[in-house]
Amino acid sequence: FMVPMMMEWTADFTVAALQLTRIPVYREGLQFIIPSGNWSVVEACSGVRYLIASFMVGTLFAYLNFSVTWKRALFIFISLAVPVVANWLRAYLIVMLGHLSGNKLAAGVDHIIYGWVFFGLVIGIMFMVGSRFADPAEPVPAAASAGAGGGAPSGLAWGVCAAVVLLLLGTQVWGSRLLREAPGTNPPLALPAPAAGWVAGSGPVSDWQPFFANPSLSLSARYEADKQPAVMNVAYYRGQSYERKLVSSTNGLVEMAEGAKWAQVQSGLTTLPTPAGPVQLRTAVLRGSSLGGSIAAPRLRVWHLYWVGGRPTVSDARAKLMLSLNRLLGRGDDGAAIFLYTALDDENIANADALLQRFASAHLESLFRGLEAAHAAR
């Protein structure tokens with residue numbers, strides 16, 4: 001879940017450092033162009049592997065070399081901060097190596113190798129500095145007498161053990177019951193018919209599809225008003241498991257991988273007034289292909305949100321909590337990701353938003369009613 005945020009930080013630092021180095025740079029989202037070539041921040045550039053490795057060995061180092069609690073906590077904090085900053089510097093240095101060498105160095109898989117060598121040097125320096133402030137080893141206390149601490153466990157200890165066993169067994173039984181109550185059957189759901197002023201369209205607006213894995217049901221339909229197309233896409237989830245879940249760190253508008261066909265270059269929020277009250281939606285601009293390709297690369301304006309058990313939300317955390325609560329209360333774990341989008345011509349976002357607002361106002365309430373009916377029929 002930290003990967004997208006850390007990718008954004010890496011891109012921010014790299015672009016800022018390039019600008020300070022007086023290298024012209026044009027950025028869109030996680031992709032940017034400099035005079036010598038095109039670069040993009042992909043999942044492997046986030047630094048999350050640096051963070052995990054540094055945190056693990058840093059915690060072990062702190063435990064072995066410090067006896068004072070605040071020193072241990074400080075070094076663990078440093079072991080979290082250092083890899084983040086080191087990854088920013090690594091990304092900047094990789095781009096500079098490629099730029100100064102005419103893309104002969106650090107342009108392929110070798111930049112991964114350079115990155116790990118750099119990480120090893122950074123961790124080594126961190127340990128060398130930490131060793132200078134290590135606490136002296138404490139003398140081993142004398143062995144306790146044979147009778148000290150001996151004897152049979154107390155009644156309280158037996159009670160705690162019994163409570164833990166009962167708790168573990170109870171959660172297993174209750175979890176099995178919840179799984180039996182939430183079969184992964186396909187919900188009886190259909191997208192709303194075109195409202196007044198809209199007609200059903202044919203053909204895709206683009207080849208983009210939300211990157212949501214293994215939904216129980218996926219529906220998509222094209223609508224048109226005054227020959228302007230808008231698309232509704234719904235990914236419905238029921239009987240969620242490790243392989244199929246609505247809220248996941250890997251689910252998103254686009255695939256976070258090198259060579260992905262689409263990239264997100266802008267995000268935000270908007271509010272749609274409805275008879276039942278305002279509904280908040282996330283907004284995004286998606287760009288097809290990579291920078292440096294065709295000038296006519298397709299762009300989409302996307303509005304999206306979650307629907308969980310009758311309630312819309314744009315928050316991943318709130319959606320996950322609502323799913324968990326509904327399942328614990330025996331209401332099932334039905335949820336859906338809703339996407340409304342249209343082609344973005346001439347980068348006129350205002351026109352695209354006006355069309356999507358008109359589209360959402362005409363169809364979103366009807367879609368919510370259909371989702372509630374599908375949920376009730378589980």
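- Ion pairing between D333 and R244 fails under the 4.0 Å rule for side-chain N and carboxylate O.
- Between atom CZ of residue R222 and atom OG1 of residue T342 there is a gap of 8.5 Å, rounded to the nearest 0.5 Å.
- Using a 4.5 Å cut-off on side-chain heavy atoms (C-beta onward), V3 and S249 make no contact.
- Under the 3.5 Å distance criterion, the side-chain polar atoms of R72 are matched with a main-chain donor or acceptor of F66.
- Between the side chain of H304 and the backbone N or O of A337, no donor-acceptor pair lies under 3.5 Å.
- Note: H363 and Y223 have tilted aromatic rings, judged against thresholds of 30 and 60 degrees for the angle between ring planes.
- For the residue pair E372 and G310, the shortest heavy atom distance occurs at OE2-O, 4.1 Å.
- Taking CZ from R27 and CD from Q19, the interatomic distance works out to 9.5 Å, rounded to the nearest 0.5 Å.
- With hydrogens and angles disregarded, a donor-acceptor distance shorter than 3.5 Å links the side chain of T283 to the backbone of G268.
- Checking S315 against T313 by side-chain atom types alone, no donor-acceptor pair falls below 3.5 Å.
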Worksheet item: Given V247 and Y237, is the side-chain contact (heavy atoms from CB on, under 4.5 Å) satisfied, shown in steps?
Response: CA-CA 10 Å; V247 184; Y237 286 80; over 6 Å; no
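- Annotation: the span from L100 atom CG to L93 atom CG amounts to 10.5 Å, rounded to 0.5 Å.
- Across A336 and V234, no two heavy atoms sit closer than the pair CB-CG1, 4.1 Å.
- Looking at every heavy atom in both residues, M6 comes nearest to V48 through CE-N, 3.9 Å.
- A single hydrophobic cluster is not seen to contain both Y306 and L367; linkage of ILVMFWY side chains at heavy-atom distances under 4.5 Å, directly or through other members, places them apart.
- Under the 4.5 Å side-chain heavy-atom criterion for Ile, Leu, Val, Met, Phe, Trp and Tyr, L305 and L217 are members of the same hydrophobic cluster.
- Remark: L80 CG to F75 CZ distance equals 11.0 Å, nearest 0.5 Å.
- To the nearest 0.5 angstrom, L246 atom CG is 9.0 Å from D316 atom CG.
- Closest approach of S131 to F61, counting heavy atoms only: OG-CZ, 3.6 Å.
- The two residues L189 and A374 have their closest heavy-atom pair at CB-CB, 4.2 Å.
- Side-chain N or O atoms of N251 include one that pairs as donor or acceptor with a backbone N or O of A213 at under 3.5 Å.
- Each of R238, H375, R327 was checked for a side-chain hydrogen bond (donor to acceptor under 3.5 Å, both in side chains) with D334, and the lone residue meeting it is R238.
- Rounding to the nearest 0.5 Å places CZ of R90 at 11.5 Å from CZ of F13.
- Nearest heavy-atom pair, S40 versus C45, reported as atom, atom and distance to 0.1 Å: O-SG, 4.5 Å.
- Side-chain heavy atoms closer than 4.5 Å link hydrophobic residues (I, L, V, M, F, W, Y) into clusters, and following such links, possibly through other members, connects I94 to M96.
- Under the side-chain contact (heavy atoms from CB on, under 4.5 Å) rule, P83 has a single partner from W88, F55, Y50, which is Y50.
- In this structure, a donor-acceptor pair under 3.5 Å is absent between the side chains of S206 and Y341.
- A 4.5 Å side-chain heavy-atom check between T274 and E365 finds at least one atom pair inside the cut-off.
- By the 4.5 Å heavy-atom criterion applied to side chains, V205 and L300 are counted as neighbours.
- Counting only distance, with no hydrogens or angles, the side chain of N233 and the backbone of F339 share no donor-acceptor pair below 3.5 Å.
- Under the 4.5 Å side-chain heavy-atom criterion for Ile, Leu, Val, Met, Phe, Trp and Tyr, F212 and M232 are members of distinct hydrophobic clusters.
- Not one N or O on the side chain of Q264 forms a donor-acceptor pair closer than 3.5 Å with the backbone of A284.
- W208 places a side-chain N or O within donor-acceptor distance of the main-chain N or O of L253, the cut-off being under 3.5 Å.
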Practice prompt. Please assess R301 against L355 for the test side-chain contact (heavy atoms from CB on, under 4.5 Å), listing each intermediate value before the final yes or no.
Written response: CA-CA 10 Å; R301 181 62 166 173; L355 177 66; over 6 Å; no
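- Within the 3.5 Å criterion, the main-chain N or O of I23 finds no donor-acceptor partner in the side chain of T21.
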Worksheet entry | Stepwise ring-ring contact (aromatic ring centres under 6.0 Å, His included) test for F359 and W303 | CA-CA 11 Å; F359 179 52; W303 289 11; 9.6 Å; no
Worksheet item: After noting the C-alpha distance and the side-chain angles of L371 and Y236, does the key distance pass the side-chain contact (heavy atoms from CB on, under 4.5 Å) rule?
Response: CA-CA 9 Å; L371 292 170; Y236 196 100; 3.6 Å; yes
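- Looking only at side-chain heavy atoms (C-beta outward), L272 and S361 come within less than 4.5 Å of each other.
- Transitive grouping of hydrophobic side chains (ILVMFWY, heavy atoms separated by less than 4.5 Å) keeps L121 and M128 in distinct clusters.
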Worksheet entry | side-chain contact (heavy atoms from CB on, under 4.5 Å) between L281 and L356, intermediate numbers included | CA-CA 11 Å; L281 299 96; L356 289 178; over 6 Å; no
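- Using a 4.5 Å heavy-atom cutoff, the side chains of F133 and N65 are not in contact.
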